[in-house]
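Numbered from 1 within each chain, the chains take letters A, B, ... in sequence-line order. Note that the coordinates shown come from a computational prediction; the quantities given were computed from them, not determined experimentally.
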Amino acid sequence: NAGVTQTPKFRVLKTGQSMTLLCAQDMNHEYMYWYRQDPGMGLRLIHYSVGEGTTAKGEVPDGYNVSRLKKQNFLLGLESAAPSQTSVYFCASSPGSYNSPLHFGNGTRLTVT
Amino acid sequence: AQKVTQAQTEISVVEKEDVTLDCVYETRDTTYYLFWYKQPPSGELVFLIRRNSFDEQNEISGRYSWNFQKSTSSFNFTITASQVVDSAVYFCALRDSGAGSYQLTFGKGTKLSVIP
């Protein structure tokens, strides 16, 4: 049982380049999330989705876009990468109830030079 | 708005010492859930425990115990007889039942170093 799978694991971009991070979950979870983790800042929510075809902004959405065309996938896009987007990105999923913990992927380390 | 504060940024203890990680939360809802996650040096986030706002019983799991006190809005985590494998960053998180119920709000984490 794979759980939550993120690809790629590492990526280096130059300023202005674009890329897409892919998150896939096989637990039939309704909710999916993208967080970023920066030193001393904890995890901050970028965007989330409460179901197929829906997305919403989190705490730090600027510079990112997301899509959830299929229930099991949640894509995070950077249209024009900036050094401030250097971070570790975590995808997570949970069932559709607020008492459920989030299940996290192993993270993607992105460096923007 | 919900908020989680972990005032201890870093803690170092010698192996076999007990250590308590503090977590203070803020929420306007009366129904909410609190969580602890562990992030070892390998980087993954591991779910440790969930506690709902109606259950103030302390929880013990092996060397780990959690003390939930609504009166002080705290959900502290104690490791007894710490081991080197406990070295990690620990996150406390809050999920309420209101408008923000889709989200899990995290504290900034406490980095625990257990020295052999």
Side-chain angles (χ1 to χ4, degrees), chain A residues 2-6 8-10 23 25 27 29-52 54-61 66 68 74 87-110, chain B residues 1-10 21-25 27 29-55 59 66 75 88-111:
Chain A
V4 179
T5 303
Q6 292 182 231
K9 290 183 171 55
F10 302 94
C23 177
Q25 54 99 1
M27 296 172 283
H29 285 169
E30 290 295 326
Y31 298 173
M32 295 188 75
Y33 310 81
W34 277 106
Y35 283 87
R36 61 177 287 173
Q37 183 180 18
D38 302 292
M41 299 298 292
L43 286 98
R44 294 180 292 170
L45 183 65
I46 305 171
H47 286 280
Y48 63 97
S49 167
V50 300
E52 182 178 315
T54 73
T55 63
K57 295 180 180 180
E59 181 185 354
V60 289
V66 289
R68 189 148 178 224
F74 195 30
S87 187
V88 179
Y89 292 85
F90 285 96
C91 176
S93 70
S94 76
S97 58
Y98 66 87
N99 62 347
S100 301
L102 271 59
H103 300 257
F104 284 87
N106 287 333
T108 296
R109 184 174 294 275
L110 174 66
Chain B
Q2 40 186 351
K3 184 179 178 181
V4 177
T5 301
Q6 295 180 256
Q8 305 150 307
T9 305
E10 294 192 38
L21 310 182
D22 297 333
C23 173
V24 175
Y25 62 91
T27 178
D29 286 333
T30 57
T31 302
Y32 52 88
Y33 281 81
L34 296 160
F35 303 82
W36 276 94
Y37 282 83
K38 174 182 180 180
Q39 186 178 42
S42 51
E44 72 273 21
L45 285 152
V46 179
F47 165 66
L48 295 178
I49 190 171
R50 171 188 61 199
R51 171 66 62 198
N52 75 57
S53 55
F54 296 108
D55 183 0
E59 178 93 11
W66 290 267
F75 186 42
V89 180
Y90 291 87
F91 292 98
C92 180
L94 166 69
R95 193 171 189 180
D96 63 29
S97 60
S101 64
Y102 304 122
Q103 305 179 24
L104 197 61
T105 299
F106 285 84
K108 294 184 178 181
T110 297
K111 182 178 181 180

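Gln103(B) and Glu59(A) are not linked by any side-chain donor-acceptor pair at a separation below 3.5 angstrom, with hydrogens and angles left out of the test.
Only the side chain of Leu45(A) comes within contact range of chain B, judged by heavy atoms closer than 4.5 Å.
Between Asn99(A) and Tyr33(B), the shortest heavy-atom distance links the atoms CB-CZ, 3.0 Å. Looking at every heavy atom in both residues, Gly40(A) comes nearest to Lys108(B) through O-CD, 3.2 Å.
Residues Gln37(A) and Phe106(B) have side chains not in contact (no heavy-atom distance under 4.5 Å, counting atoms from C-beta outward). Using a 4.5 Å heavy-atom cutoff, the side chains of Phe104(A) and Gln39(B) are not in contact. Inter-residue side-chain proximity for Leu45(B) and Leu102(A) is flagged as unmet; no heavy-atom pair is nearer than 4.5 Å.
Looking only at heavy-atom pairs under 4.5 Å with chain B, the residue among Asp38(A), Leu43(A), Asn106(A) that has the most is Leu43(A). Of the listed residues Ser100(A), Gly105(A), Gly107(A), the one with more heavy-atom pairs under 4.5 angstrom with chain B than any other is Ser100(A).
Arg50(B) places no side-chain N or O within donor-acceptor distance of the main-chain N or O of Pro101(A), the cut-off being under 3.5 Å.
The environment of NZ in Lys111(B) is sparse: at most 12 heavy-atom neighbours from other residues, nucleotides or ligands sit within 6.0 Å.
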